[in-house]
There are 2 protein chains.
Amino acid sequence: MNEAKPPPQRVTIRTVAEDAGVSVAAVSKVMRNAYGVSEALRQNVLESIERLNYRPSNAARGMRGQTYTLGVVLVGIDNPFLPQVFAGIASVANAAGYKILMGVGAAHMPMEASLIEQMIDSHMDGIVMIAAQLSGKLMEKYARQIPIAVIGHHEPLAQTFDTVNANDSHGAKLAVRALVAKGYRDIGMVSLGPHRPHDHYDVAPQREIGFASAIAEAGLGAPKIFRFDNLDDARLGKITTFLAGPDRPRALFVWSDLDGIPILNAARQMGLRVPEDLALIAYDNSPVAALPLIDLASMDQSGTRLGQLATEALLSRIGGRKEAQHVLIDPSLTIRSSF
Amino acid sequence: MNEAKPPPQRVTIRTVAEDAGVSVAAVSKVMRNAYGVSEALRQNVLESIERLNYRPSNAARGMRGQTYTLGVVLVGIDNPFLPQVFAGIASVANAAGYKILMGVGAAHMPMEASLIEQMIDSHMDGIVMIAAQLSGKLMEKYARQIPIAVIGHHEPLAQTFDTVNANDSHGAKLAVRALVAKGYRDIGMVSLGPHRPHDHYDVAPQREIGFASAIAEAGLGAPKIFRFDNLDDARLGKITTFLAGPDRPRALFVWSDLDGIPILNAARQMGLRVPEDLALIAYDNSPVAALPLIDLASMDQSGTRLGQLATEALLSRIGGRKEAQHVLIDPSLTIRSSF
DNA sequence: GCGATTCTGTGCACCGTTCTACGTAGAACA
DNA sequence: TGTTCTACGTAGAACGGTGCACAGAATCGC
């Protein structure tokens with residue numbers, strides 16, 4: 001690590017100050033376009049910055065001020081509707097002069113926690129969490145140390161952080177109503193398994209609530225909800241058994257494309273016609289669902305919009321807002337041949 | 001931003017030092033398990049750290065020493081074989097006590113450049129780039145400021161950074177040989193368009209080279225390479241026209257699943273039977289290709305392994321290695337019903 | 001024309017670490 | 001017993017910015 005050549009010296013704020021013939025503080029002010037710099041000085045400094053190709057050190061900035069960097073915590077990079085959400089986040093953040101760095105939580109609580117801690121330690125200015133697994137209590141704790149906005153996890157009572165969601169119970173209702181309108185009466189739901197009662201505010205339970213209420217609204221008796229353990233390797237087998245069984249409903253509302261696509265696959269492979277034998281509506285409207293050979297109807301959450309709203313909320317909180325803000329937008333059904 | 005309650009004070013290295021009754025420097029040494037601390041002192045300090053739940057500030061660390069953070073630059077989050085690569089990177093990095101933060105370049109050179117700059121500015125210890133768009137020259141420049149390892153971009157002559165790749169030309173050969181072995185003679189290739197001659201070292205051109213050489217090897221005449229502009233909205237139409245045309249080959253080697261899946265879709269929709277009318281082998285072996293209803297044969301690059309190797313290379317370079325290292329691994333064909 | 005007020009720009013402490021140099025105690029050596 | 005060596009710990013200077021208090025210049029009101 002001992003360099004014989006020290007010429008590629010980093011150009012620091014001091015270099016710029018010297019070059020422009022002003023004080024270090026003046027350059028700092030220009031960088032943050034803070035109050036108290038004349039237009040002449042500003043131009044002078046900007047020229048030097050340009051000429052020397054100066055970029056402030058994030059690390060140093062973080063020690064006293066802002067880093068103008070936002071952290072994004074993902075459940076996993078294979079999540080299908082992530083790209084849209086991310087695009088939304090990036091557009092708002094970049095427009096406001098913020099940079100973005102991401103971390104992958106891998107749907108693993110301790111990992112998410114350590115990611116957040118790392119982002120705090122890197123002195124990021126705020127965090128957007130997408131479909132977090134973290135408990136509300138823990139999030140409240142972190143939110144006292146750094147502004148946080150959460151996408152894809154309802155927590156309407158949270159005081160210290162903001163949430164932005166598509167209205168999941170309403171989305172489920174819309175799906176059921178669409179099925180009912182087509183004449184289906186025997187409608188079941190496939191939800192995320194296993195059921196964890198304390199996750200009441202998570203998206204899957206919310207969709208169950210909407211489903212049950214729409215079923216009741218249509219007077220279709222007791223709601224039928226099925227679950228497949230998604231960690232299980234034998235999942236495909238279980239799905240097949242379920243589809244071949246006698247109590248398979250005529251139509252299925254599936255909580256996510258993640259489960260909807262395997263179910264569609266299994267059905268077609270078994271020779272079931274979709275929608276003649278089995279009607280399907282899933283959730284997320286991911287790109288795979290749109291593939292012509294798949295063509296799976298799916299609820300669209302408008303990921304881009306979610307990302308934008310969450311980032312706007314985060315920025316306004318960084319700006320000083322204290323009261324929590326919980327935004328809900330309406331999802332809409334993307335109609336395809338599967339129902 | 002003015003807090004009425006300053007109690008949630010950050011616990012710093014000073015707090016720990018005070019609590020343990022030692023000097024700040026001693027604590028620092030323990031943190032970095034550096035030379036010159038007795039076991040007694042070490043235990044004492046570790047207890048205080050535990051008790052106070054101390055975590056060193058990344059930003060402050062970066063100012064003088066290492067941050068133990070690696071940056072990962074992605075082309076885009078929707079890239080199909082990313083999750084595997086990322087898993088490989090994460091496993092090696094975490095085992096070595098490094099954290100990971102990602103940035104998305106969106107296949108956009110200036111954005112990639114600014115990401116790298118940001119990572120340098122955040123004083124990260126090194127960068128893994130996946131399928132970079134950046135020119136080798138620019139990468140050489142950045143690599144002088146921070147250790148870099150590149151996945152999915154050949155640059156065998158680069159001196160200042162390392163590369164790790166699946167052998168793309170060999171992969172293409174394997175695909176062609178598999179088709180030849182099945183008896184196909186009229187074999188074409190769909191490659192990434194438009195053709196940019198200076199990208200000789202990029203993966204798609206490498207696959208073209210392998211394709212051409214395998215065609216020659218089998219004595220099948222001049223290689224036929226087709227391109228569809230992937231930015232074009234009318235792409236699907238062009239594909240359909242191509243497939244309906246008179247010079248459609250009997251078998252196609254497609255440079256990537258990204259193009260392979262739309263082609264398969266288009267073919268089936270037109271009523272072409274795969275493989276009876278058109279045989280297909282694509283590249284990347286992404287999860288979508290494995291879906292039963294898709295079932296597209298594809299070259300597997302072993303993303304996990306690529307990620308591991310690249311991270312190992314990066315760590316060894318951070319450790320002081322000076323000479324460049326260019327690793328090639330062998331891809332293998334995943335056989336499915338499409339050929 | 002003079003004091004009061006506003007506007008600019010500067011100097012310096014500070015943020016939380018690491019790193020270099022150095023002091024000290026005890027062990028090993030002569 | 002005095003000297004050298006080694007291991008341990010410490011003090012204090014970096015690192016590259018930001019925030020604050022303040023001084024001097026410019027502007028203002030009367």
Side-chain angles (χ1 to χ4, degrees), chain A residues 1-3 6 9-46 48-49 52 54-69 117-118 120-125 145, chain B residues 1-3 6 9-45 48-49 52-69 117-118 120-125 145:
Chain A
M1 279 298 189
N2 44 351
E3 300 299 275
Q9 280 287 3
R10 176 165 188 118
V11 26
T12 101
I13 199 172
R14 251 162 282 268
T15 328
V16 177
E18 204 166 326
D19 181 272
V22 296
S23 76
V24 167
V27 179
S28 172
K29 281 188 179 181
V30 170
M31 288 304 299
R32 297 171 288 136
N33 42 42
Y35 172 83
V37 268
S38 67
E39 193 49 34
L41 179 88
R42 158 177 226 76
Q43 284 309 326
N44 179 9
V45 169
L46 283 178
S48 286
I49 287 176
L52 300 174
Y54 164 71
R55 298 190 319 264
S57 152
N58 248 298
R61 275 187 145 176
M63 299 222 48
R64 275 186 83 73
Q66 296 190 47
T67 53
Y68 301 95
T69 301
E117 290 179 354
Q118 186 192 3
I120 295 174
D121 299 344
S122 305
H123 293 261
M124 292 186 172
D125 293 345
Q145 304 177 55
Chain B
M1 282 299 190
N2 44 353
E3 300 298 276
Q9 280 287 4
R10 174 160 191 122
V11 27
T12 103
I13 200 175
R14 242 166 291 268
T15 327
V16 177
E18 205 166 323
D19 181 271
V22 296
S23 78
V24 167
V27 179
S28 172
K29 282 189 179 179
V30 171
M31 287 307 298
R32 298 171 287 132
N33 41 43
Y35 171 83
V37 268
S38 66
E39 193 50 32
L41 179 86
R42 159 178 224 76
Q43 283 309 325
N44 179 10
V45 168
S48 286
I49 287 175
L52 300 174
N53 193 19
Y54 164 72
R55 298 192 317 265
S57 152
N58 247 296
R61 277 189 145 173
M63 297 221 49
R64 279 191 78 75
Q66 296 191 49
T67 53
Y68 301 97
T69 301
E117 291 177 354
Q118 186 193 1
I120 294 174
D121 300 345
S122 305
H123 293 261
M124 291 184 174
D125 294 344
Q145 304 177 54

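Chain identifiers are assigned alphabetically (A, B, ...) following the order of the sequence lines, protein sequences preceding nucleic acid strands; residue numbering begins at 1 within each chain.
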In whole angstrom, give the distance that lies between atom [atom1] of [X] and atom [atom2] of [N].
| X | N | atom1 | atom2 | value |
| --- | --- | --- | --- | --- |
| A/E18 | C/dT10 | CD | P | 14 Å |
| B/R42 | D/dC8 | CZ | P | 11 Å |
| B/Y35 | C/dT18 | OH | C1' | 18 Å |
| B/D121 | D/dG17 | CG | P | 9 Å |
| A/E39 | C/dG9 | CD | C1' | 15 Å |
| A/L41 | D/dA26 | CG | P | 15 Å |
| B/M63 | C/dC14 | CE | C1' | 12 Å |
| B/N58 | C/dT18 | CG | P | 10 Å |

- Non-hydrogen side-chain atoms of B/I49 and B/M31 separated by less than 4.5 Å: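 Result yes, sub-4.5 Å side-chain heavy-atom pair found.
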
Task: Note, B/Q118 side chain near A/T67 side chain (heavy atom, < 4.5 Å) - done: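 Side-chain contact under 4.5 Å: no.
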
Please tell me whether A/S28 and A/R32 have a donor and an acceptor in their side chains that are separated by less than 3.5 angstrom.
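Note: A/S28 and A/R32 side chains meet the donor-acceptor criterion.
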
**Prompt:** Checking all strands, does B/R55 fall into the base, sugar-phosphate, or nothing category for heavy-atom contacts under 4.0 angstrom?
**Reply:**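 Touches sugar-phosphate only.
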
- [ ] Ignoring the backbone of A/S38, work out which of C/dT8, C/dT10, D/dG17 is nearest its side chain.
- [x]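 Comparing C/dT8, C/dT10, D/dG17 against the side chain of A/S38, the answer is C/dT8.
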
Exercise for review: Decide if atom CD of B/Q43 counts as having more than 12 heavy atoms of other residues, nucleotides or ligands within a radius under 6.0 Å.
Suggested key: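 More than 12 heavy atoms, drawn from other residues, nucleotides or ligands, come within 6.0 Å of this atom.
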
message = Within this structure, what is the OG-NZ distance for the pair B/S23 and B/K29, rounded to the nearest 0.5 Å?
response =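 Reported to 0.5 Å precision, the distance equals 8.0 Å.
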
If the cut-off is 4.0 Å, is B/S23 near the phosphate of D/dT10, judged by side-chain N/O to OP1 or OP2?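 Result: yes.
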
Atom of B/N44, atom of B/A20 and distance for their closest heavy-atom approach: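 Minimum heavy-atom contact is ND2-O, 3.2 Å.
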
Checklist entry - Which atom names give the shortest non-hydrogen contact between B/R10 and B/T15, and what distance separates them? => result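 Closest pair (atom of B/R10, atom of B/T15, distance): O-OG1, 4.4 Å.
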
Between protein and nucleotides 18-21 of chain D, what N or O pairs are separated by less than 3.5 Å?
| residue | atom | partner | partner atom | Å |
| --- | --- | --- | --- | --- |
| D/dT18 | OP1 | A/R61 | NE | 3.0 |
| D/dT18 | OP2 | A/S28 | OG | 2.4 |
| D/dT18 | O2 | A/R64 | NE | 2.9 |
| D/dG19 | OP2 | A/R32 | NH1 | 2.4 |
| D/dG19 | O4' | A/R64 | NH2 | 3.4 |

Position toward the 5' end of DNA chain C (nearest nucleotide), A/H123 or A/G36: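 Nearest nucleotide further toward 5': that of A/G36.
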
